[in-house]
Every structure is written in C-alpha cells, then in structure tokens.
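Each chain gets a letter, A, B and so on, in the order the sequences are listed, and its residues count up from 1.
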Amino acid sequence: MTKRYWLLKSEPTTFSFDDLKTSSGKKTSWDGIRNYQARNIMRDDMKIGDLGFFYHSSCPQPGVVGVVEVVSKPYPDHTAWDKKSNYYDPKASPENPRWVMVDVKWKEDFKNFVPLEIIKATAKLGKMKVVQKGMRLSIQPVTKDEFDVICKLGRQKK
DNA sequence: GCCAACGTTGGC
DNA sequence: GCCAACGTTGGC
C-alpha cells in the first residue's frame, strides 16, 4: 500500500497548528467536514500513516505550516447530531451518520512557513489544487513530488 | 469588507 | 432532473 499525501485546510482562528500541538497527544479529530468530496476522501482514500500538510486558510498569511499524520481509520463525525455544535446537521444521526472524520497527529514543524504566495510562484507546484482559482475543497490530494518540493521549502534554513 | 466561484437546496 | 436562489469559502 503506497502512502498518499494530502492538504488539510483549517482556519487558524478556529483551529490552528499551535492548537494541534497543544492538544492532548498532539492529535485531534478532523471533525466538521461537511462537503461530500472531502468526506469521500477521508472515507475512501485516507489510510493510517498517510501524511498531510496543515494549511492555514482565511487568514492574513495563508500557507502550509507543517506536517500531520493520519492516525485513525474514518469513523462517524458525532458533531453532526450534536445540536449545540456549529457543525450540526439535522439530516445526520447515529444510525445514519452521513459525515465521517479521521484523527490526525502532529508530525513536523516547518522551519519556514510556506506561504501560498511561494506555492504560486513555484513552477513545480503550479498544478496544485490550492493555487487554482475558486478551489474550495478543504481536503485535497497532493502528489509525492509536490509533497517533496514543499517539504524542501519548509525545511531549508533561511 | 468585497466579491467571484463554488456547492447545496428545493420548487417545479 | 433542471436550474435559480441561496449560503459558504477564501484570497485579496
């Protein structure tokens, strides 16, 4: 089974990379995904051991801050039937969960933040979904090549 | 705060 | 099954 690579968007005001690092066990459940494409990726394609970029979106400096690892299989997102949750979905229930999530764990801090600006300016990364106009998908596949290029940018000394 | 692009909903 | 209306995303 080949390892796959992903990009996970999060709004730092909601849940930042620092929040992940201060979570117990440095891990969190990736809840609140309410988009079928993103759900299907978690349900069908993500495997334990896959790596993902933690991407900050909707903020002054969008970009990749570090790397996380998928550490669970997909399981029902119980926030969907929690009326008090921001992610409440009246069509979901324990019998018919509708939404799933996985657990992800902190893996690596980048020495250098890799801003969207740089990703856009890097020819090899031009096909990434995150640089495409109107691309709103919050969980995106990343190729091994793209993963390696961004890791190199993130790890190099200033 | 703006607004373009996108996904979802619901009436027909 | 179409498609207009609406809500959301997310860079700027």
Side-chain angles (χ1 to χ4, degrees), chain A residues 4-23 28-46 50-70 74-104 106-143 145-147 149-154 156 158:
Chain A
R4 299 210 211 183
Y5 303 91
W6 311 101
L7 180 147
L8 305 180
K9 288 186 193 170
S10 185
E11 296 187 23
T13 51
T14 306
F15 191 84
S16 71
F17 200 49
D18 278 340
D19 291 333
L20 174 64
K21 287 195 281 178
T22 52
S23 299
T28 189
S29 52
W30 208 254
D31 60 14
I33 300 296
R34 298 291 178 266
N35 167 285
Y36 290 107
Q37 249 185 296
R39 180 203 66 182
N40 293 347
I41 287 174
M42 288 197 291
R43 192 188 57 191
D44 305 332
D45 298 328
M46 274 191 177
D50 283 359
L51 298 178
F53 291 130
F54 197 108
Y55 178 90
H56 280 170
S57 68
S58 290
C59 59
Q61 276 250 288
V64 175
V65 285
V67 178
V68 297
E69 180 177 355
V70 177
Y75 59 101
D77 182 348
H78 53 78
T79 64
W81 52 87
D82 176 1
K83 283 206 170 75
K84 293 189 293 276
S85 169
N86 290 332
Y87 306 124
Y88 175 65
D89 177 355
K91 291 183 184 149
S93 66
E95 297 74 36
N96 183 17
R98 187 151 137 137
W99 304 110
V100 302
M101 57 190 175
V102 299
D103 290 344
V104 301
W106 173 87
K107 175 86 174 168
E108 177 184 349
D109 283 347
F110 276 165
K111 282 200 195 70
N112 293 323
F113 172 67
V114 183
L116 179 61
E117 217 183 345
I118 299 293
I119 298 175
K120 281 186 171 165
T122 305
K124 281 183 182 168
L125 303 176
K127 287 195 177 144
M128 285 187 72
K129 296 199 186 305
V130 74
V131 304
Q132 283 160 26
K133 198 177 180 189
M135 191 61 233
R136 308 190 327 191
L137 191 57
S138 58
I139 297 180
Q140 305 179 357
V142 173
T143 67
D145 285 347
E146 290 160 353
F147 191 84
V149 170
I150 291 189
C151 283
K152 195 175 281 182
L153 290 169
Q156 73 195 357
K158 291 205 172 141

Tell me the interatomic distance from A:Lys133, atom NZ, to C:dC12, atom P, rounded to whole angstroms. 11 Å

Give me the one residue out of A:Val65, A:Leu116, A:Leu8 that meets side-chain contact (heavy atoms from CB on, under 4.5 Å) with A:Tyr55. A:Leu116

So A:Trp30 and A:Phe54, would you call those rings parallel, tilted or perpendicular, with 30° and 60° as cut-offs? perpendicular

Parallel under 30°, tilted from 30 to 60°, perpendicular over 60°: which one fits the rings of A:Phe53 and A:Phe147? parallel

Distance-only side-chain donor-acceptor flag, A:Asn96 / A:Ser93, under 3.5 Å: no

Give me each pair satisfying side chain to side chain donor-acceptor pair (under 3.5 Å) with a member in residues 118-140 of chain A, each pair once, sequence neighbours excluded. none

I'd like a list of close polar pairs between nucleotides 1-9 of chain C and the protein, N/O only, cut-off under 3.5 Å.
residue	atom	partner	partner atom	Å
C:dT8	O2	A:Arg136	NH1	2.6

